[in-house]
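As structure tokens, the structure follows; a few thoughts come after it.
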Amino acid sequence: MRQKLAVKSSAIGLGAKLLAMVLSIISTRLFVHYLGIEIRGLSGVLSNILSLLKLAEMGIGTAIIYALYQPIVDKKIEEIKSLMCFYKKAYRGIGILVLGIGCIVSFFLKFFVEDTTYSWVYIYIIFFFQLFESVSTYMLGAYKRNLLYADQKQYISTLIDALANTIFVILRMVVIVFTRSYLLYLLLQLLQTVISNIVIGSVVDHKYPYLQDKDVTPYDKMPELLGNVKNVIAGRIGGVVYNSTDNIIISKTAGVVAVGYMTNYFMVRNLIKTITSAVTEPIRPMIGNYIREYRDIKKSYQLFLSYTFVRYCMANVVVVGVVVLINPFIELWLGKGYTLSIWIPILLALDMYIDLVHSPTWEYINVLGLFKNDRNMSYIGAAINLIVSIILSIHMGVQGVLLGTVIAQMYYWIARTYVIYKEYFKIGVMHYMVINLVYATVTVLDIGIVMCIYQYVLQEVSITRFLLMCFVSVSVSIVSICILWGRTEEFKMIISILGKIRRYKENNKM
């Protein structure tokens with residue numbers, strides 16, 4: 001049953017993300033054409049500043065999802081009610097805190113935003129629009145999404161988000177073309193967030209009617225929960241620094257317009273990450289429920305290796321494509337004037353590869369509740385990311401910022417692997433290191449093969465040749481994976497998952 005839910009969520013999530021990707025590509029093309037690259041860069045900087053306020057969430061969501069796994073498996077309704085009641089109060093408090101901190105941060109915007117032609121009144125209006133959108137997420141029942149997630153029913157929120165996104169992206173495109181008003185664009189973005197959260201909250205209340213009960217006992221494991229929150233916040237710091245500082249540093253060292261150019265590349269990276277997460281995200285609660293239900297470390301280790309292989313296969317396909325094709329894609333999408341040095345795709349691809357392949361270690365830390373072990377390494381990783389990126393940006397510009405992120409990612413990979421193998425599997429890491437060395441070597445060879453073909457096919461960029469190279473890139477990755485690992489248990493697992501997705505789609509058509 002759990003596997004079926006994971007497959008269902010993956011299939012629906014992937015379809016929704018692909019639709020969102022297409023709409024985002026079209027809307028961004030219109031955005032750059034009608035509103036300009038500077039406002040895109042300004043929006044990117046302000047969004048990164050507000051993302052830093054996510055630290056106010058303090059990892060409560062992650063800790064509560066972890067706490068929900070066992071009562072969901074055991075069907076302990078009263079414990080679920082207690083957790084969700086606490087979660088509701090915590091999120092409302094966080095919303096007020098984020099609003100207050102955001103107002104204070106607004107006094108320091110001039111420190112972060114460099115070389116802009118827009119008036120500061122206009123910039124402040126944009127900032128507060130985005131701040132209110134962030135606050136509304138905490139105040140309007142977004143916490144209920146995590147109950148769906150822990151119960152492996154996140155396909156419900158995915159469908160609602162997909163419908164709302166489709167409607168509002170179309171409305172925003174109309175606004176861009178006919179009014180060229182970025183403020184109206186932001187207003188529609190705020191309305192989308194508010195409506196999505198209200199609808200999802202109503203659906204959750206209907207699906208879990210006991211959440212409306214007034215008679216709720218206080219959560220009796222509060223010290224353990226708060227201890228996990230304290231440890232999770234370190235991981236949150238690392239994640240927020242990783243996701244929310246690049247544009248700020250680029251703005252300080254190269255200006256807002258440079259952020260605008262990089263935002264296009266970051267958007268492509270984030271779209272790809274969104275698609276891959278739509279496939280893999282439903283697997284985490286399945287792992288959490290599996291570990292608690294069966295408690296077999298040997299089988300769990302095999303699941304870890306299989307999941308790592310699944311992640312590697314996606315990483316190979318993605319990284320080969322990003323290195324070779326992201327610049328031609330930017331040229332077709334926005335124009336040749338928006339492309340940057342080949343080192344930008346290479347560094348982005350390195351970051352994405354490490355993120356995809358090492359994520360199982362982070363997800364195991366989450367589902368096992370090893371937050372305390374992850375705490376110190378997260379502080380160190382965040383410091384490495386921030387300090388190295390700033391230092392390298394002075395000497396290397398934008399490439400230095402990205403290289404600093406890659407170095408921090410490598411540290412996280414090594415440190416989290418050590419934690420999982422020492423604290424849970426209790427075996428040496430040599431086997432895992434050898435496997436990943438082979439994975440990386442094959443990926444580099446695949447990139448070399450596709451680059452050689454690229455020299456002949458894409459001498460001039462056109463849609464036909466670009467699509468042909470997409471086919472070549474994916475084909476080279478798939479062929480190399482099939483030849484080298486086609487008979488392994490990990491490969492058979494992928495075929496099994498694909499078969500279940502196909503059968504699920506066929507059953508839905510009937």
Side-chain angles (χ1 to χ4, degrees), residues 38 40-55 105 108-116 233-270 273 319 322-323 326-327 339-359 361-362 374-418 440:
E38 184 180 351
R40 182 155 171 77
L42 178 62
S43 175
V45 174
L46 297 180
S47 295
N48 270 195
I49 293 171
L50 287 168
S51 293
L52 290 172
L53 300 184
K54 290 180 180 179
L55 284 174
V105 168
F108 301 94
L109 288 183
K110 291 183 179 180
F111 175 77
F112 298 107
V113 178
E114 299 282 346
D115 299 329
T116 179
I233 190 173
R236 296 288 296 171
I237 290 173
V240 168
V241 169
Y242 166 69
N243 289 302
S244 307
T245 57
D246 283 358
N247 279 342
I248 297 173
I249 298 171
I250 293 171
S251 174
K252 288 294 295 181
T253 57
V256 168
V257 174
V259 175
Y261 284 97
M262 277 307 304
T263 298
N264 298 324
Y265 283 82
F266 288 147
M267 177 184 166
V268 175
R269 178 196 65 184
N270 293 338
K273 284 188 174 183
V319 165
V322 166
V323 171
I326 192 169
N327 270 345
T339 59
L340 300 174
S341 161
I342 185 62
W343 286 108
I344 300 298
I346 290 173
L347 290 168
L348 285 175
L350 267 172
D351 172 43
M352 294 170 72
Y353 180 88
I354 297 170
D355 181 64
L356 276 167
V357 178
H358 109 278
S359 285
T361 62
W362 169 235
D374 191 59
R375 181 176 60 194
N376 292 334
M377 74 178 74
S378 295
Y379 289 136
I380 295 171
I384 291 173
N385 194 348
L386 196 57
I387 294 171
V388 175
S389 291
I390 291 173
I391 293 173
L392 292 180
S393 70
I394 296 171
H395 301 284
M396 300 172 61
V398 174
Q399 289 96 321
V401 178
L402 299 182
L403 182 57
T405 301
V406 169
I407 292 170
Q409 282 278 62
M410 281 297 300
Y411 167 77
Y412 282 126
W413 190 2
I414 294 169
R416 285 170 176 160
T417 299
Y418 177 77

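Residue numbers run from 1 in the order of the sequence given.
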List the atom of [X], the atom of [Y], and the distance in Å for their closest heavy-atom pair.
{"X": "Leu348", "Y": "Ile326", "result": "CD1-CD1, 4.4 Å"}
{"X": "Val319", "Y": "Ala349", "result": "CG2-O, 3.4 Å"}
{"X": "Val401", "Y": "Ser389", "result": "O-OG, 3.2 Å"}
{"X": "Ala408", "Y": "Ile384", "result": "CA-CG2, 4.0 Å"}
{"X": "Leu392", "Y": "Gly404", "result": "CD1-N, 4.0 Å"}
{"X": "Ser251", "Y": "Phe112", "result": "OG-O, 2.8 Å"}

[X] side chain near [Y] side chain, heavy-atom distance below 4.5 Å:
{"X": "Tyr418", "Y": "Ile414", "value": "no"}
{"X": "Asn327", "Y": "Tyr265", "value": "yes"}
{"X": "Asn264", "Y": "Arg40", "value": "yes"}
{"X": "Met410", "Y": "Leu350", "value": "no"}
{"X": "Gln409", "Y": "Met352", "value": "no"}

Got a sec, which residues hit side chain to side chain donor-acceptor pair (under 3.5 Å) with [X], two or more places apart in sequence or on another chain?
{"X": "Tyr261", "result": "none"}
{"X": "Thr263", "result": "none"}
{"X": "Ser393", "result": "none"}
{"X": "Gln399", "result": "none"}

When rounded to the nearest 0.5 angstrom, what is the spacing between [atom1] in [X] and [atom2] in [Y]?
{"X": "Leu42", "Y": "Leu109", "atom1": "CG", "atom2": "CG", "result": "9.5 Å"}
{"X": "His358", "Y": "Tyr353", "atom1": "NE2", "atom2": "OH", "result": "13.0 Å"}
{"X": "Leu402", "Y": "Leu347", "atom1": "CG", "atom2": "CG", "result": "5.5 Å"}
{"X": "Thr116", "Y": "Glu38", "atom1": "OG1", "atom2": "CD", "result": "4.0 Å"}
{"X": "Ile407", "Y": "Asp351", "atom1": "CD1", "atom2": "CG", "result": "12.0 Å"}

Q | Any residue meeting ring-ring contact (aromatic ring centres under 6.0 Å, His included) with Tyr411, in chain and number order, not counting sequence neighbours | A | none
Just to verify, what does [X] make a side-chain contact (heavy atoms from CB on, under 4.5 Å) with, not counting sequence neighbours?
{"X": "Ser359", "answer": "Arg311, Asp355, Glu363"}
{"X": "Ala258", "answer": "Ile250, Ala254"}
{"X": "Ser43", "answer": "Ser47, Gln130, Tyr182"}
{"X": "Val105", "answer": "Ile49, Leu53, Ile101, Phe127"}

Q.
Under the salt bridge (Lys or Arg N to Asp or Glu O under 4.0 Å) definition, can you give me all pairs with a residue in residues 248-266, not counting sequence neighbours?
A.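 Passing the test, one end in residues 248-266: Glu114-Lys252.
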Q) How about Asp246 and Thr405: does a side-chain donor come under 3.5 Å of a side-chain acceptor? A) yes
Q: Please determine which of Val256, Ile248, Val259 meets the side-chain contact (heavy atoms from CB on, under 4.5 Å) test together with Val113.
A: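 One option only clears the test, and that one is Val256.
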Q: Please step through side-chain contact (heavy atoms from CB on, under 4.5 Å) for the pair Phe266 and Asn247, ending with a clear verdict.
A: CA-CA 10 Å; Phe266 288 147; Asn247 279 342; 3.1 Å; yes
